[in-house]
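Working notes, beginning with the structure itself.
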Amino acid sequence: MLENKNKKVLPTLREGAGSLLIVLIALSAVIALSLILSKNPGKTLGYFFLGPLQSRYYFGNMLNSAIPLIFGGLGVSLAMQSGNFNLGGEGQIYGGALITTLCTIYFAPLGIVGALLALFAGASTAGALAGFSGFLRMKWNTSELITSFLISNAVLLVVNYLIAGPFLDPSTSLIATRKIPETFRLSALLPPSNLSTALFFALVAVITVHIYLYKTKSGYELRMTGLNSRFAKYGGINTKKFIVLPMFLSGFLYGLGGGFAIYGTYFASIKEFSAGMGWNGLAVALIAKNKPSAVIPAALFFAYIEAGARSAMLHSDVTFEIAAIVQSIVFFLISSEVLLTLFEKKRRPA
Amino acid sequence: MKKIICTALLMAVILFLAVAAGSVEKETTDTHSLSILVYITGVTAGSPPYTALAEGATEFASENQNVTVKIYEAGFNQAQWEEQLTSLVATGEYDLVLGSNPSLPEICVSIGKKFPNQKFVITDAFMEGNPQIRTYLYNQYEQSLFLGYLAGLVTTSNMSHANKDLKIGFIAAQEYPLLNKHMVPGFLDGARMVNPNIEVDFRVIGNWFDANKAADLATSMKNAGVDVFAAIAGGASQGLFKVAKEQGAYIVFHNTNEYKSAPGYVVGSGSMEQKKLTKEILKDALGGNIEYGIASIVGAQEGYLRFIADDPAYTNNLPDSIRVKFDAFMEDIYKGKIAYTLPAL
Amino acid sequence: MELAVEMLNITKTYPENNLRANDGVDFVLRKGEILCLAGENGAGKTTLMKVLYGLEDHEEGTIKIRGNQENISSPMVANRLGIGMVHQHFMLVEDFTVAQNVLMGIEPRKHRISYDLKKAVTLVNEVIERHHFSIEADMVVRNLTVGQKQQVEIIKMLYRDVDILILDEPTSVLTEQEIESLFSTFRQLAKRGKSLILITHKLREIKAISDRVSVMRNGKMLGTYETDEVDERQISALMMGKSISFFIEHTKKDDESRPVIEGRKITVLRQGQERPLLNGLSFTAYSKEILGFAGVSGNGLGVLEAVLGGFIPTFDGKVLHNGKDITNIGTALLRKQGLAYVPSDRLHIGSSLKATVQENIIVGESGSFKKNGFLDQKRVTKHTNDLLQRYSAKATAQMPIGTLSGGNIQKVILAREIERYRDYIVFSEPTWGLDVASSQFVYEQIASLRDKGAAVILISSNLDEMLTIADRIIILYRGTRVASFSGDEARALSKEEIGEYMLGIRNQGDRGA
Amino acid sequence: MMHFSIPILHSAVTIMTPLLLASMGGLFTELSGMLNIALEGLLLTGAFFSVVFTYFTGSMIAGTLLGIGCTMLLSAILASVTLNLKSNVFITGLAVNLFASGLTVVLSFALFANKGVVVFDNIRPLPLLGTPRLASIPILGDIFIGHSAFVYLSWLLLVICYFVLYRTPFGFRIRATGLHQEALSSLGMRPNAYRFASFLISGFTCGLGGAMLTLNLGAFVPNITAGKGWIALVVIFLGNKKPFGLFIAAFIFGLADAFSNYAQGALNIPSDFILAIPYVFTLLAMIGSSIYAKNKGAIES
């Protein structure tokens with residue numbers, strides 16, 4: 001028993017050391033960039049690292065920006081665990097959010113039931129968008145990676161049209177739909193920040209996905225299909241189902257992310273409000289290595305870097321885009337096996 | 001399990017830090033000086049109104065010692081504007097937020113609820129009745145009208161690149177209400193004052209940066225018979241300049257002097273006197289003379305919209321016959337003699 | 001006598017499992033001889049040869065080639081020293097032609113940059129003719145039989161003019177006839193002064209081909225012997241430490257036997273090719289019987305496996321299970337109807353290497369471990385540990401199955417499939433790559449299933465295996481059934497005679513099964 | 001029919017060229033067994049550095065070469081992280097895209113104090129090539145003559161690309177790397193060396209494609225690639241991973257885009273729908289080609 005425990009702890013420690021190294025390299029990148037680009041590197045760095053923690057407001061906003069990343073990260077993780085790629089997060093969030101907004105307004109008389117229905121409808125629409133890519137792969141082996149990307153790009157444009165056209169709220173000069181009724185808006189957690197109780201729903205989603213993947217028959221079958229689909233098929237698992245279902249669920253989670261962004265933060269579908277959320281969700285899943293439990297720290301880390309860069313831009317003389325550079329460096333490092341194995345000399349053959 | 005504990009610990013530490021940091025509130029700044037935040041809803045580069053806004057404020061600050069200016073470029077994502085602006089206002093460092101965008105007043109209303117002492121002056125926007133907000137709306141219909149009139153004159157002329165088709169073009173990065181309801185109709189109405197059979201070919205790029213797509217669109221429009229273009233396309237306008245230079249087409253440009261962008265082809269530039277307006281606003285603000293809650297519409301008559309006729313390019317690029325007609329038209333515009341009904345937004 | 005290779009005191013440890021694969025091994029190869037390197041699976045033969053070929057490094061020891069000490073750091077170096085190796089798994093690009101595969105890395109050029117494809121064909125055809133191989137240089141490898149692919153691998157080495165040739169289990173997928181012609185090639189090569197090392201554990205082949213035999217066990221070299229001076233029993237004793245022979249009792253089909261699985265005129269077509277993969281194959285598998293399908297690979301065994309496993313659809317014909325039509329219903333439904341099946345490809349189909357042992361155990365059966373809608377992990381682990389113990393597999397429930405040895409993986413698969421079997425079970429190449437002891441274990445399991453009343457379908461290209469345990473044998477050639485024997489009839493025939501059926505030289509006509 | 005279809009086809013040829021260039025490089029990585037999703041970032045890098053160096057050196061050729069050099073440098077970093085540190089190529093590819101979008105803006109801010117449009121006045125327009133005699137060929141002359149050097153260079157490169165892949169030892173080894181890398185390593189060659197070379201080739205063609213995007217305008221606009229790298233990836237798949245397939249696939253996309261440009265003026269449909277045409281069209285082409293491939297493919301599993 002004790003031996004068993006040691007076996008588990010050691011790799012965890014090694015992995016921890018690897019992650020620490022990545023964080024250290026990322027931090028040195030921030031320092032280097034500040035020294036090169038800023039006239040006042042000390043101030044820039046101070047705001048970069050402490051800015052997001054400086055006040056309830058900044059901290060709340062950072063947490064809030066992590067929420068759609070958590071949903072997106074979960075969605076991508078789920079698809080990747082089943083061996084599918086979902087590159088359509090952008091369109092799925094945006095489309096899901098629009099449907100959620102419209103349904104909420106339409107179902108308003110139904111009260112809480114209406115809200116749930118609206119969330120479900122929005123998420124299902126997003127799920128259907130992704131599921132269609134899964135269907136194409138199942139049916140004709142069309143690369144779901146490419147189709148989900150193409151569909152998403154087309155959907156973005158159609159949603160743009162719907163928001164700016166038929167569903168435009170004429171009473172505002174924003175290009176946006178009408179706002180959802182006040183009663184449906186999630187309550188704020190750290191006012192005046194944007195953080196809302198959507199955070200709890202994100203945590204619930206993490207737990208649900210974790211339980212689904214690791215504690216249920218369907219989740220087990222999904223993972224088996226992803227690890228080795230020939231084995232899964234041989235074992236009697238309906239592998240075709242696990243091309244479509246995980247893609248659907250992946251889109252569904254993205255759509256929920258969009259829905260909760262509406263319920264918690266934006267209250268209306270504003271044109272292009274979700275730009276970048278889908279890609280960042282993908283990034284979070286990759287950092288988390290598709291483990292639902294790791295999606296939370298990954299999303300927080302991602303949100304922290306963005307919030308830090310924004311804070312440094314607000315208060316000092318650097319541009320926001322240094323966030324992209326730091327994130328990309330983290331990306332470069334995060335998946336490199338060598339970093340993990342620096343701490344364990346012996347490597348397994350591939 | 002280990003991971004979950006680590007995560008929980010990390011979150012706890014961050015929360016603690018946040019609460020600790022949050023308790024230290026910033027002190028408010030001295031009232032004798034004026035601290036201005038210029039909130040750019042986009043980026044300044046490639047966007048003349050924003051450049052003018054920023055320059056006006058910076059120049060004003062350099063002329064007045066007790067005025068400080070922070071220029072903040074918020075990027076194109078509308079949905080992030082409110083969050084960003086709130087966080088800027090939350091610092092309490094700024095006496096006045098200056099911005100220029102039709103959708104800003106709305107955002108300011110909701111931010112104003114959280115920070116009731118914050119004042120906003122927004123140009124290029126219209127909102128009445130909020131005691132924290134003062135707005136100035138440029139009469140873009142009017143500018144489009146006179147640029148359209150010029151375009152009409154050019155397309156019906158026998159200038160070397162003008163053709164027989166009664167077609168003028170308008171390239172937009174994206175569609176939005178002010179564009180759809182004031183600018184494009186104004187442009188068409190102006191052109192039809194020359195010849196009622198003129199049509200506008202209106203096309204959309206889809207974003208503010210794909211200059212190559214803008215070039216492709218312009219080529220396609222030129223092939224469809226367009227010989228005079230207008231564009232509200234941000235950085236993507238570069239594509240239009242390229243096509244005009246290479247294939248021969250005329251451009252009338254909104255808001256800023258762009259004669260040099262395609263020498264010989266930009267036949268007219270409107271001017272939005274954003275810098276002038278900015279300085280006047282700031283002067284009033286320093287003197288405490290701004291009446292909040294009021295909205296005004298400013299145009300050529302008030303001196304905030306102008307046609308740039310004093311650039312040698314204007315004289316060189318257009319034949320006398322056209323200039324005579326157009327100068328007379330502009331004279332009437334400045335005097336308010338041209339009758340039109342401003343469409344509702 | 002001139003020495004081609006001397007390896008002295010070679011020690012090699014695999015860090016991940018701390019396994020000492022080679023422990024102070026001494027090995028000597030003479031010029032112009034054929035030497036068999038014998039030993040059970042995991043004895044360290046392949047590792048030793050990989051060290052010699054520069055694919056693995058080693059901690060201790062020295063290597064001398066033709067008397068000069070060398071540091072062989074990569075296959076490139078080995079090639080330069082005239083050492084070539086033919087791997088057990090083919091290293092061939094299926095989409096390329098024979099010539100393109102053979103000349104990879106030493107392509108003839110035209111104008112210094114372009115690949116002279118015509119000259120490549122000529123060059124390789126010269127070598128093929130010189131050694132009397134049965135292929136042509138411009139054939140695409142994808143369309144070759146396994147035996148022909150083996151030839152390509154050997155040509156690759158011959159072209160590089162190696163004089164020390166290492167072959168890892170070269171006969172494992174070949175027929176008797178193909179083996180014989182391969183061996184005659186080897187003898188010719190040796191006559192020309194080339195030195196050959198054959199890694200094998202087949203005793204009969206050792207006697208048939210080698211001049212000397214080196215025997216390894218547990219990473220140690222036990223000794224090298226003149227083949228004439230030792231007999232099979234002695235070699236076997238050295239290899240295993242104890243002498244084992246297979247003993248499986250054969251029972252006669254009794255009156256209670258009933259048909260369980262019937263194939264009726266099963267035809268499988270491949271688009272774009274005229275010859276069907278399976279051509280009107282009919283058979284009946286009875287309960288209490290082991291029905292064997294034998295043949296050379298590429299003649300329909302794999303296709304039959306895929307049809308029974310539900311992986312590919314039939315074009316025509318029917319499969320019946322207890323009289324019920326189960327044609328083309330797909331693997332998932334077949335599983336529900338009672339299919340138990342040990343596939344030939346245990347690493348890619350039979351198991352999921354990254355998944356844990358228990359996840360591998362419950363595949364397809366996960367529904368029966370539900371509690372309140374969730375998987376009952378405790379029960380799964382208990383069930384797994386139970387099975388591991390009963391099948392004496394060295395593993396724990398939570399470790400990834402990929403970390404197990406091949407034999408143990410096969411035990412886990414057997415445990416799972418035997419556990420779920422209802423009235424019939426399909427075994428495909430069940431002892432491929434297993435050592436003698438593991439094979440005996442597998443045969444015992446198969447026999448005991450048969451005795452319990454199972455209809456066992458055994459698909460195997462290993463004729464020895466077929467003769468050891470099958471009660472009835474159907475031989476497939478080019479997707480067609482060419483012969484069927486009862487087990488006793490078959491055992492009365494010589495292997496060469498059966499081999500003639502397998503190669504399509506003889507045909508019984510349709511005798512009905 | 002002719003009066004509007006010829007300009008559309010002419011414009012399609014221009015639009016397809018950066019796609020064709022980027023997809024050619026992507027084809028090399030794809031055939032060597034690596035999914036190169038970094039094309040977008042590489043294009044953007046090429047676009048930025050080409051125009052910046054053209055500005056600084058005053059020579060379009062020197063600027064393009066230096067821009068290509070920078071792009072190849074980035075692709076070399078991508079390759080070495082992916083191959084030597086054994087990173088997931090998907091993640092490192094995304095990282096390159098992120099890096100390029102950040103770096104171009106940060107540098108333009110640092111060099112020109114401007115993170116919007118950088119206009120370089122000293123850059124002359126790209127000369128359009130073609131002799132009157134060629135241009136006078138009916139239809140074909142109208143469509144294929146009178147483009148910039150990049151267009152003809154891309155055709156030349158396409159032929160070279162085919163030649164390298166199918167007629168040189170290097171090409172055979174690259175393809176063997178993707179098909180069965182042990183076939184190479186067992187003969188003492190290093191598959192990763194060929195992958196590295198493929199990444200460098202990607203850097204080269206993307207650098208060139210990017211240069212076309214900015215030198216065409218004499219200006220840099222952030223994000224000027226506008227997703228062209230992703231479309232190039234689609235082109236590789238749609239082109240069935242064959243050099244001349246790329247040409248057809250890129251042309252299909254160029255045509256769809258050119259048609260949508262035309263259709264905005266001709267059809268009374270909301271512009272957003274028309275802008276979606278290239279994606280929908282490419283999607284349909286993808287589905288169509290996979291149905292075809294499935295029907296053609298062997299039943300064998």
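Predicted model, so just to flag it, every value in this text is computed and none were measured. The sequence lines fix the lettering, A, B, ..., with proteins before strands; numbering per chain opens at 1.
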Inset, instruction - Would you mind checking which part of B:Gln174 comes under 4.5 Å of any heavy atom in chain D, side chain (CB onward), backbone (N, CA, C, O), both or neither? - result: neither
Legend entry - Per-residue contact mode, B:Phe241 against chain D (heavy atom under 4.5 angstrom): neither
Legend entry - Minimum side-chain heavy-atom gap D:Asp257-B:Lys213 below 4.5 Å: yes
Inset, instruction - Name the region of B:Glu246, side chain, backbone, both or neither, that has any atom closer than 4.5 Å to a heavy atom of chain D. - result: side chain
Inset, instruction - Go through the atoms of B:Ala211 and report whether side chain, backbone, both or neither lie under 4.5 Å from a heavy atom of chain D. - result: both
Inset, instruction - Name the region of D:Thr225, side chain, backbone, both or neither, that has any atom closer than 4.5 Å to a heavy atom of chain B. - result: neither
Inset, instruction - Work out which heavy atom in D:Leu217 is nearest to a heavy atom in B:Gly239; give both atom names and the distance. - result: CD2-CA, 3.6 Å
Inset, instruction - Might you work through the side chain to side chain contact (heavy atoms under 4.5 Å, CB included) test for B:Phe209 and D:Ile224, ending with a clear yes or no? - result: CA-CA 6 Å; B:Phe209 43 78; D:Ile224 191 166; 5.9 Å; no
Legend entry - Separation of D:Asn261 CG from B:Ile205 CD1 (nearest 0.5 Å): 10.0 Å
Inset, instruction - Start with the C-alpha gap between D:Lys228 and B:Asn212, add the side-chain angles, then the distance that decides, and say whether side-chain hydrogen bond (donor to acceptor under 3.5 Å, both in side chains) holds. - result: CA-CA 11 Å; D:Lys228 289 189 174 59; B:Asn212 285 292; over 6 Å; no
Legend entry - Atom OH of D:Tyr55 with >12 non-hydrogen neighbours under 6.0 angstrom: no
Legend entry - Any B:Arg203 side-chain heavy atom under 4.5 Å of D:Ser260 side chain: no
Inset, instruction - Examine whether an atom of B:Asp216 lies under 4.5 Å from a heavy atom of chain D, and if so say whether it belongs to the side chain, the backbone or both; otherwise answer neither. - result: both
